[in-house]
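These notes concern the structure reproduced below.
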Amino acid sequence: MAEFAFADERHSCPLQLGLALLGGRWRTLILHHVGLGQHRFGELGRAIDGISERMLARELKALVRLGFLEREAFAEIPPRTEYRLTELGREARSALEPLRRWGLRFKVED
């Protein structure tokens with residue numbers, strides 16, 4: 001049987017691997033918003049409804065560790081940190097685009 005692996009994740013199904021890496025509520029939203037140009041921690045926290053600062057920090061750290069985002073810290077007062085998509089992050093975000101377009105079908109009109 002074929003095996004698919006990335007970082008510490010190993011699965012017999014490529015979809016299962018993808019969901020393990022990007023599944024859950026927050027990682028896909030973070031990738032989406034960073035791709036829209038919201039690069040700073042505070043911007044992301046305001047853009048993603050319902051995410052706590054602790055969860056945002058945890059998920060950003062995981063996405064950097066996995067190679068989906070790169071982090072740049074600026075030695076300023078107050079401190080500033082920005083996140084950008086890596087090539088892998090851009091690939092993942094483009095894979096999520098059909099799901100976003102599908103979701104647009106359900107927009108509630110005012």
Side-chain angles (χ1 to χ4, degrees):
M1 179 178 276
E3 186 172 62
F4 303 89
F6 184 89
D8 297 337
E9 294 286 335
R10 299 180 89 73
H11 296 278
S12 60
C13 170
L15 183 57
Q16 188 177 18
L17 174 64
L19 290 173
L21 294 170
L22 296 177
R25 185 175 182 180
W26 305 118
R27 289 184 187 181
T28 54
L29 292 172
I30 291 169
L31 289 174
H32 172 70
H33 285 284
V34 172
L36 291 175
Q38 295 158 334
H39 301 278
R40 295 181 68 182
F41 185 89
E43 291 171 330
L44 292 167
R46 287 186 295 278
I48 301 171
D49 189 37
I51 194 168
S52 68
E53 285 188 9
R54 181 178 175 200
M55 182 59 72
L56 178 58
R58 186 175 108 187
E59 294 295 349
L60 285 168
K61 185 182 279 189
L63 287 166
V64 168
R65 180 181 51 79
L66 290 168
F68 291 95
L69 296 178
E70 59 185 27
R71 177 184 186 271
E72 184 176 6
F74 296 87
E76 299 175 350
I77 306 242
R80 176 171 59 112
T81 304
E82 292 186 355
Y83 297 88
R84 287 187 173 59
L85 295 175
T86 62
E87 181 60 32
L88 183 64
R90 285 188 290 279
E91 289 174 18
R93 188 170 185 274
S94 69
L96 297 170
E97 181 58 21
L99 183 60
R100 186 196 69 81
R101 283 195 313 269
W102 179 73
L104 287 172
R105 293 182 50 200
F106 306 100
K107 182 179 180 186
V108 176
E109 298 297 327
D110 293 333

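As the structure is a prediction and not an experimental result, all values here were calculated from the model.
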Review point. When you look at Leu44 and Leu60, which way does the side chain to side chain contact (heavy atoms under 4.5 Å, CB included) test go after all the steps?
Key: CA-CA 10 Å; Leu44 292 167; Leu60 285 168; 4.0 Å; yes
Heavy atoms of other groups near Arg58 CZ, more than 12 under 6.0 Å: no
Checklist line | Met55 side chain reached by Trp26 side chain, heavy atoms, under 4.5 Å | finding: yes
Determine yes or no for a side-chain-to-main-chain donor-acceptor pair under 3.5 angstrom, with Arg90 supplying the side chain and Leu85 the backbone.
-> yes
Has the side chain of Thr86 got a donor or acceptor atom that lies under 3.5 Å from a matching backbone atom of Gly67? yes
When Leu96, Ile48, Ile51 are each screened for side chain to side chain contact (heavy atoms under 4.5 Å, CB included) with Leu29, the one that passes is Ile48
Item checked: Check: His39 main-chain N/O paired with Glu43 side-chain donor or acceptor under 3.5 Å -> yes
Under 4.5 Å between any side-chain heavy atoms of Arg27 and Leu66, yes or no?
yes
> In terms of side-chain geometry, is the basic nitrogen of Glu97 or Arg100 positioned less than 4.0 Å from the acidic oxygen of its partner?
Replying inline: yes
Walk me through whether Arg93 and Glu91 qualify under salt bridge (Lys or Arg N to Asp or Glu O under 4.0 Å). CA-CA 5 Å; Arg93 188 170 185 274; Glu91 289 174 18; over 6 Å; no
Review point. Got Leu88 and Phe6 here, is their nearest side-chain heavy-atom distance under 4.5 Å?
Key: yes
Problem set entry | Within 6.0 Å of CD in Glu53, more than 12 heavy atoms from elsewhere | no
Is there a side-chain contact between Thr81 and Arg40 in this structure, where contact means two heavy atoms from C-beta onward sitting under 4.5 Å apart? no
Q | In one Ile/Leu/Val/Met/Phe/Trp/Tyr side-chain cluster, 4.5 Å: Val108, Leu104 | A | no
The reported gap from CD in Gln38 to OH in Tyr83 (rounded to nearest 0.5 angstrom) is 14.5 Å
inquiry  = When you compare the side chain of Leu69 with that of Leu31, does any pair of heavy atoms fall below 4.5 Å?
reply    = yes
**OP:** Using modelled atom types only, decide if a donor and an acceptor are shared between the side chain of His32 and the backbone of Ile30 within a distance under 3.5 Å.
**Re:** no
CZ of Phe68 to CD of Glu87, rounded to nearest 0.5 Å, is 12.0 Å
dist Arg71:CZ -> Lys61:NZ (nearest 0.5 Å) comes out at 8.5 Å
Q | Arg80, CZ: over 12 other non-hydrogen atoms inside 6.0 angstrom | A | yes
- Query: Do Glu59 side-chain atoms and Leu56 backbone N/O form a donor-acceptor pair below 3.5 Å?
  - Reply: no
Value for CZ (Phe4) from SG (Cys13), rounded to nearest 0.5 Å, stands at 7.5 Å
